Enquirer: 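The structure's right below; bear with me while I get my questions together.
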Amino acid sequence: MSQPTIVTRFAPSPTGYLHVGGARTALFSWLMARHSSGRFLLRIEDTDLARSTELATVQLLEDLRWLGLQWDNAELVYQSKRVTIYDRIITDLIARGLAYKAYETSDELDALRKEAEKHKRAFIYRRTQYTDEQLRRFESENRPHVVRFAMPVRDYSFDDQILGKIDLPASQVQDPVIKKADGMPTYHFAVVVDDAEMGVTHVVRGQEHTLNTFLHIALQEALGYARPIYAHLPVILNKDDGKKMGKRDRDKKIRQQSQNWLKNTKKSPADLAAASSLAPSRIEMWIADSQQQLDLNEQKQIMQVIGLKETDLPEILVHDFRKNGYLPEALLNFLALLGWSPGEDRERMSIDDMIKLFSLENVNKAGARFDREKLAAFNTDASAGAPIDRLVSALRDYLKVNPDSPLSRANDDALARVLKMKHGFRILRDVDESSRFLFLSDEQINYDPQAVEKVLRKQNGFEVLRELQPLLTDTSNWTAADLEKLIENYCQQKQLGLGKVAQPIRVAVSGGTISPPIFQSLEFLGKERTLARISRCLSSAGHS
RNA sequence: GGCCCCAUCGUCUAGAGGCCUAGGACACGGCCCUUUCAAGGCCGCGACACGGGUUCGAAUCCCGUUGGGGUCACCA
């Protein structure tokens with residue numbers, strides 16, 4: 001007897017780039033399937049017409065591919081294309097008396113909810129009994145309506161692979177909407193039908209769906225579907241506030257910074273709007289109401305004014321991590337450990353290790369906080385251990401999403417050299433930012449005033465550079481090793497520490513105080529450009 | 001607030017009644033290395049939420065308290 005094949009799925013709704021929480025869910029489903037040589041399916045849950053976009057689907061697929069979570073269905077399933085199938089089943093449900101049309105307006109429902117809230121009760125929808133005459137009238141005037149499932153009122157229970165036995169008392173049962181007024185099915189209905197049709201055996205999803213499961217079970221029973229095995233993953237929380245990690249967090253950070261800016265500059269929201277050329281009313285509303293969110297473009301404008309960099313924002317989307325230069329294998333390794341552990345103090349794992357070791361049995365129940373420091377450490381390790389071709393291709397990918405970097409102009413050989421110089425780096429963005437000067441023209445080097453002041457003025461850097469000029473001009477061996485010897489000799493003669501000499505050179509050549517190891521940098525730059533930059537620095541960097 | 005769920009270092013976790021004086025990783029502190037930023041080496045700080053049981057024995061089992069999270073949409 002062979003075990004039935006395990007079929008898992010990932011079913012995101014296309015509203016933009018993939019959230020790390022979604023990525024973790026996808027990873028666990030994928031690992032589950034790969035571990036048992038099963039199938040991992042992808043389905044696009046685009047039943048919310050207002051929020052779903054084609055662009056978002058493209059972005060989603062891009063993120064999944066970047067992570068390497070390949071799906072096994074050649075044809076993607078789009079729920080929006082299956083409406084006639086859902087309709088047929090819903091019509092049948094109505095005919096069997098298991099579903100019904102409900103005519104309450106949103107306002108009426110809101111009022112009922114407020115009422116329930118006033119009495120500190122949860123709002124439970126109860127079926128409204130219409131008279132035959134009312135029904136006839138509603139039908140004839142084509143009154144807008146939803147379709148609700150008449151969920152049998154009883155106690156429910158199911159066994160979760162992670163959480164164990166979960167109960168729902170009959171008192172909490174209510175009739176869910178399965179078809180919206182716009183004719184689309186709700187998530188709850190589509191998910192049940194599609195999971196059954198696609199032969200999904202294991203539903204792995206976030207814990208925010210735990211209570212939805214009862215509804216799905218009731219629907220499965222009404223439709224005669226088999227019940228899949230459910231596994232609800234712990235929620236991913238923010239490191240600092242312990243709340244569910246969400247896309248809003250970036251907006252939140254920008255709002256906080258904006259409020260600081262307003263306070264410090266004693267300006268008004270209207271001033272901020274003007275400075276970032278946005279509509280004042282819009283900004284006033286956004287500042288005042290934390291429910292409001294700026295779109296990507298508005299965020300950019302505001303950030304420029306208040307002095308917030310892209311990298312100051314918390315990464316939330318897979319795309320954010322990609323843009324900052326994390327390796328997908330490191331992200332995946334870190335994400336896997338958010339709620340799962342293979343035991344035996346095992347942490348750093350390759351994708352293959354994870355596939356081999358993964359089991360739902362050792363997934364935790366409690367929510368996990370997302371610690372970026374630890375992720376960065378994983379990335380550092382993964383990068384340090386990766387072969388150079390892997391790093392070059394990762395850097396190429398980074399440049400693909402950061403096309404403005406001067407490193408984009410470099411060939412693979414140059415990138416490999418930079419990567420080797422920066423061995424031990426944390427993220428690719430650090431490599432990029434600290435080695436840009438190698439790829440800029442001499443005229444594009446900007447001198448950091450603070451560096452000039454400290455290293456060149458106060459510490460006699462200008463003098464050192466002037467003395468070094470002829471020595472460097474005369475040397476014929478322009479290699480890191482030879483340059484090091486040359487400088488060390490100079491240091492010895494002058495009784496100077498290496499730092500007193502290396503730093504001025506660094507500033508002259510890069511404009512700042514951070515760079516890859518200096519002698520390797522000089523070798524990379526070449527004699528001509530090094531000397532050109534030193535003399536440019538001596539003559540132009542505010543040196544009077 | 002109702003309902004559901006959860007609870008080991010600051011964080012992620014190991015731990016399935018004696019292997020626990022509670023292990024690892026990240027962070028943090030100190031020292032070393034050092035031309036910057038990193039990386040590296042060594043050392044250190046640091047937790048079983050609380051209260052009751054059960055048991056010869058409890059971080060591990062049961063009950064309660066407290067704390068935390070999720071959820072209460074014609075969003076998924």
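Order of the sequence lines sets the chain letters (A, B, ...), proteins ahead of strands, with each chain counted from 1. In what follows, every heavy atom counts, from backbone to side chain, and hydrogens, waters and symmetry copies are set aside. The structure presented is a predicted model; accordingly, all values stated were derived computationally and were not measured.
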Enquirer: Excluding sequence neighbours, so at least two apart, what forms salt bridge (Lys or Arg N to Asp or Glu O under 4.0 Å) with D48(A)?
Expert: R51(A)
Enquirer: Tell me: NZ of K365(A) to C1' of C4(B), nearest whole Å?
Expert: 13 Å
Enquirer: Rounded to the Å, how far apart are L163(A) CG and G69(B) P?
Expert: 17 Å
Enquirer: Using whole Å, report how far CZ of F158(A) lies from P of C4(B).
Expert: 13 Å
Enquirer: Look at all strands and tell whether T380(A) reaches a base, only sugar-phosphate, or nothing, counting heavy atoms closer than 4.0 Å.
Expert: sugar-phosphate
Enquirer: Going by purine N1 to pyrimidine N3 plus the second Watson-Crick contact, or the G-U wobble pair, all under 3.5 Å, which nucleotide sits opposite G17(B)?
Expert: none
Enquirer: Within the 4.0 Å limit for protein heavy atoms, which parts of nucleotides 71-76 of chain B are touched? Write it as a string from 5' to 3', B for base, S for sugar-phosphate only, - for none.
Expert: SSSBBB
Enquirer: Under 4.0 Å from OP1 or OP2 of G69(B): is there any side-chain N or O of K243(A) that close?
Expert: yes
Enquirer: Rounded to the nearest angstrom, tell me the gap between atom CG in N379(A) and atom P in A38(B).
Expert: 16 Å
Enquirer: Using the 3.5 Å cut-off, write out each protein N or O paired with an N or O of nucleotides 13-18 of chain B and the distance between them.
Expert:
residue: U13(B); atom: OP1; partner: G339(A); partner atom: N; Å: 2.8

Enquirer: Tell me every residue that passes salt bridge (Lys or Arg N to Asp or Glu O under 4.0 Å) with E433(A), counting only those two or more places apart in sequence or in another chain.
Expert: R429(A)
Enquirer: Taking only residues two or more places apart in sequence, or in another chain, which ones meet I124(A) in a side chain to side chain contact (heavy atoms under 4.5 Å, CB included)?
Expert: R126(A), Q172(A), Q174(A)
Enquirer: For C28(B) and G69(B), measure between their P atoms and round to the nearest Å.
Expert: 26 Å
Enquirer: Residues two or more places apart in sequence or in another chain: which of them pass side chain to side chain contact (heavy atoms under 4.5 Å, CB included) with D155(A)?
Expert: P169(A), A170(A)
Enquirer: Would you indicate what R346(A) reaches in the nucleic acid, counting non-hydrogen atoms under 4.0 angstrom: base, sugar-phosphate, or nothing?
Expert: nothing
Enquirer: According to a strict under-4.0 Å criterion, is R426(A) in side-chain N/O contact with OP1 or OP2 of A39(B)?
Expert: yes
Enquirer: Taking only nitrogen or oxygen atoms into account, show me every contact under 3.5 Å that the protein makes with nucleotides 32-35 of chain B, one pair per line with its distance.
Expert:
residue: U35(B); atom: O2'; partner: R506(A); partner atom: NH2; Å: 3.3
residue: U35(B); atom: O2; partner: R506(A); partner atom: NH2; Å: 2.4

Enquirer: Enumerate the residue pairs fulfilling salt bridge (Lys or Arg N to Asp or Glu O under 4.0 Å) with a member in residues 370-379 of chain A, sequence neighbours excluded, ordered by first and then second residue.
Expert: K239(A)-D371(A), E315(A)-R372(A), E347(A)-K374(A), E373(A)-R426(A)
Enquirer: Rounded to the nearest angstrom, tell me the gap between atom CG in L375(A) and atom C1' in A25(B).
Expert: 13 Å
Enquirer: Would you tabulate the nitrogen or oxygen pairs shorter than 3.5 Å linking the protein to nucleotides 44-46 of chain B?
Expert:
none

Enquirer: Separation of L331(A) atom CG from C12(B) atom C1', in whole Å?
Expert: 15 Å
Enquirer: Among residues at least two apart in sequence or on other chains, which ones pass side chain to side chain donor-acceptor pair (under 3.5 Å) with K165(A)?
Expert: D167(A)
Enquirer: Applying salt bridge (Lys or Arg N to Asp or Glu O under 4.0 Å), can you list everything that pairs with E208(A), at least two apart in sequence or on another chain?
Expert: none
Enquirer: Would you please name every residue forming a salt bridge (Lys or Arg N to Asp or Glu O under 4.0 Å) with D241(A), sequence neighbours left out?
Expert: K252(A)
Enquirer: What I want to check is whether an N or O donor and acceptor connect the side chain of K374(A) with the base of A27(B) at under 3.5 Å.
Expert: no
Enquirer: For the pair made of NZ in K420(A) and C1' in A39(B), what is the distance, rounded to whole Å?
Expert: 17 Å
Enquirer: Cation over ring, R436(A) on F439(A), under 6.0 Å and within 45°?
Expert: no
Enquirer: Indicate, with a heavy-atom threshold strictly under 4.0 Å, whether K454(A) touches base, sugar-phosphate, or nothing.
Expert: nothing
Enquirer: For G51(B), what is the paired nucleotide under Watson-Crick or G-U wobble rules, both distances under 3.5 Å?
Expert: C63(B)
